[in-house]
Number of protein chains: 2
Amino acid sequence: MRSASGKTGRPSSPTSGAETEQAFIAAATRLFAERGFKGTSIADLARELNLTTASLYYYVDGKQELLARVLETGMADFLARLQDIAEGMGDPREKLERAVENHIDFVINRRDVVRIFLRYRGMLQDSPREHYQGLLDRYQLLFTTILADALGDSMPDIDIVLVRQTVLGMINSLIEWYDPAGRLPPDVLRSQLSRLILERMLRRD
Amino acid sequence: MRSASGKTGRPSSPTSGAETEQAFIAAATRLFAERGFKGTSIADLARELNLTTASLYYYVDGKQELLARVLETGMADFLARLQDIAEGMGDPREKLERAVENHIDFVINRRDVVRIFLRYRGMLQDSPREHYQGLLDRYQLLFTTILADALGDSMPDIDIVLVRQTVLGMINSLIEWYDPAGRLPPDVLRSQLSRLILERMLRRD
DNA sequence: CCTACCGATCGGTAGG
DNA sequence: CCTACCGATCGGTAGG
């Protein structure tokens, strides 16, 4: 991506590319989450950024590149948090608790990105697809490791991958129904769901 | 919907409307699940049915009607199964087990419809949307009732709606990762997931 | 059920 | 030669 600046046609002073990139990713994230990937046109994105569609093409190759940026930056951040937890202090059980609550918080606080993860990752192609898949694989492997360390051999008869996907799946499903402004405030939701997972489903017998 | 018949342009003998409807719903289900709702064109659907796009419009009002048919017939079937379980024999705990395993089986055996439920129900509008939402509400209410009967007051400190959404969410998430031809055969998956839910997460203390 | 089309919009690109 | 864009339009396809 190159850097954009003002709203007018003047050559305009160069702004930092990082700032521009932020704006593009934020706009794409909002629109893809709201209208869907196919439901968002290049014109929609350009309008959001106060550009013409032609100008948008000066910065990006197309919607696919924007989707890749959204997914890669979001997933990289998500993975970094889990790595901090894995490498941080605490016993295995505490790390699992933090990993679970981190995942819950991510789904609640970054709804738009998570919605795009879950719905449109399949639209990625070629090398962006492989790169994103690599980050996702690392996240899942790391989560499995944290899970296995915390569980020990307390659940020998159940497949560890099934457990991991089930835990992540129940948290991810928040995106479909949870309303932070609803009956259950975020901190209550987090603690109840966390207890349902850790003190019930994954309790050591 | 009217009824279609052969592949040629002859007025062709009237076949049962039911047979035609089946073919339309089957084609729409396959394509929407494979390519997405917006990713499926009217031309794609017509080709699948050996019709021209213009002819397709003779039978249906458009993609929205097909989506509504797919969702309503699928959801009605899904609800009927749960009603049979609720009204059938057995104690509350057995009914809950059947309800859970029924849901698992539905996700495994009717992947295409479930994928459309989860991804494209939001694209419905107006009265089809309300009708579908009504069926979904009834399913969720019935599931909550079965859940509450089975749990009694064994989990007084956790919100029953959170429990319901969590149970349904973890089962629904199978659509994202479970491969019936993979490492876990369907019957093993069903029994392990069922036990994870019933004997662990919802165990009576 | 087909042929012959439409208004509009799609993602993407031309020259300047 | 490069940057940062613009107005206008390209070839095709959407639903109807």
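In what follows, every chain begins at residue 1, and chains take the letters A, B, ... in the order their sequences are listed.
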Asks: Yes or no on salt bridge (Lys or Arg N to Asp or Glu O under 4.0 Å) for A/Arg110 and A/Asp105, after CA distance, side-chain angles and deciding distance?
Replies: CA-CA 8 Å; A/Arg110 303 197 54 184; A/Asp105 288 340; over 6 Å; no
Asks: Using whole Å, report how far OH of A/Tyr57 lies from P of C/dG12.
Replies: 4 Å
Asks: Within this structure, what is the CG-to-C1' distance between B/Leu51 and D/dG16, rounded to whole angstrom?
Replies: 16 Å
Asks: Charged N to carboxylate O below 4.0 Å: is that the case for B/Asp44 and B/Arg47?
Replies: yes
Asks: Can you measure B/Lys38 atom NZ to D/dG15 atom C1' for me and round it to whole angstrom units?
Replies: 13 Å
Asks: Would you say C/dT13 has OP1 or OP2 under 4.0 Å from some side-chain N or O of A/Tyr58?
Replies: no
Asks: Which of the following nucleotides, C/dG12, D/dC5, C/dC10, is nearest to the side chain of A/Ser41?
Replies: C/dC10
Asks: With respect to A/Leu147, which candidate in A/Leu142, A/Ile160, A/Val100 satisfies the side chain to side chain contact (heavy atoms under 4.5 Å, CB included) definition?
Replies: A/Ile160
Asks: Given atom CG of B/Leu66 and atom P of D/dG16, what is their separation to the nearest angstrom?
Replies: 11 Å
Asks: For B/Arg30, enumerate each residue passing the salt bridge (charged side-chain N to carboxylate O under 4.0 Å, His left out) test, keeping only those at least two apart in sequence or located in another chain.
Replies: B/Glu34, B/Glu48
Asks: Could you walk me through whether B/Arg195 and B/Glu199 satisfy the salt bridge (Lys or Arg N to Asp or Glu O under 4.0 Å) test, starting with their C-alpha distance in whole Å, then the side-chain angles of each, then the deciding distance to 0.1 Å, before giving a yes or no?
Replies: CA-CA 5 Å; B/Arg195 285 173 50 210; B/Glu199 294 176 17; 3.6 Å; yes
Asks: Expressed as a whole number of angstroms, how long is the span from A/Asp44:CG to C/dG12:P?
Replies: 14 Å
Asks: Looking only at the side chain of B/Ala54 (C-beta and beyond, no hydrogens), which of the listed nucleotides D/dC5, C/dC1, C/dT3 gets closest?
Replies: C/dT3
Asks: Nearest whole Å is fine: how far is C/dC10 C1' from A/Arg47 CZ?
Replies: 13 Å
Asks: Could you label the plane-to-plane angle of the A/Phe37 and A/Tyr120 rings as parallel, tilted or perpendicular, counting under 30° as parallel and over 60° as perpendicular?
Replies: tilted
Asks: What does the 5'-to-3' dot-bracket notation of DNA chain D look like when only Watson-Crick and G-U wobble pairs under 3.5 Å count, and pairs to other strands show as |?
Replies: .....|.|....|.||
Asks: For the side chain of B/Tyr59, starting at C-beta, report the closest nucleotide among C/dC1, C/dT13, D/dC5.
Replies: C/dC1
Asks: Does any part of the side chain of B/Arg121, heavy atoms only, come nearer than 4.5 Å to the side chain of B/Gln133, both counted from C-beta?
Replies: no
Asks: Of the nucleotides D/dG15, C/dT13, C/dA4, which one has an atom closest to the side chain of B/Ile42?
Replies: D/dG15
Asks: Closest approach to the side chain of B/Lys63, judged atom by atom: which nucleotide of C/dT3, D/dA8, D/dG15 is it?
Replies: D/dG15
Asks: In this structure, how many angstroms lie between the C1' atom of C/dG11 and the CE atom of A/Met123, rounded?
Replies: 14 Å
Asks: Between C/dT9 and D/dG11, how far apart are the C1' atoms? Round to whole Å, please.
Replies: 13 Å
Asks: By nearest atom, which of the nucleotides C/dG12, D/dC6, C/dG11 is closest to the A/Thr53 side chain?
Replies: C/dG12
Asks: Take atom C1' in C/dG16 and the same atom in D/dA4, then report the distance between them in whole Å.
Replies: 13 Å
Asks: What integer distance in Å separates A/Asn50:CG from D/dA4:P?
Replies: 18 Å
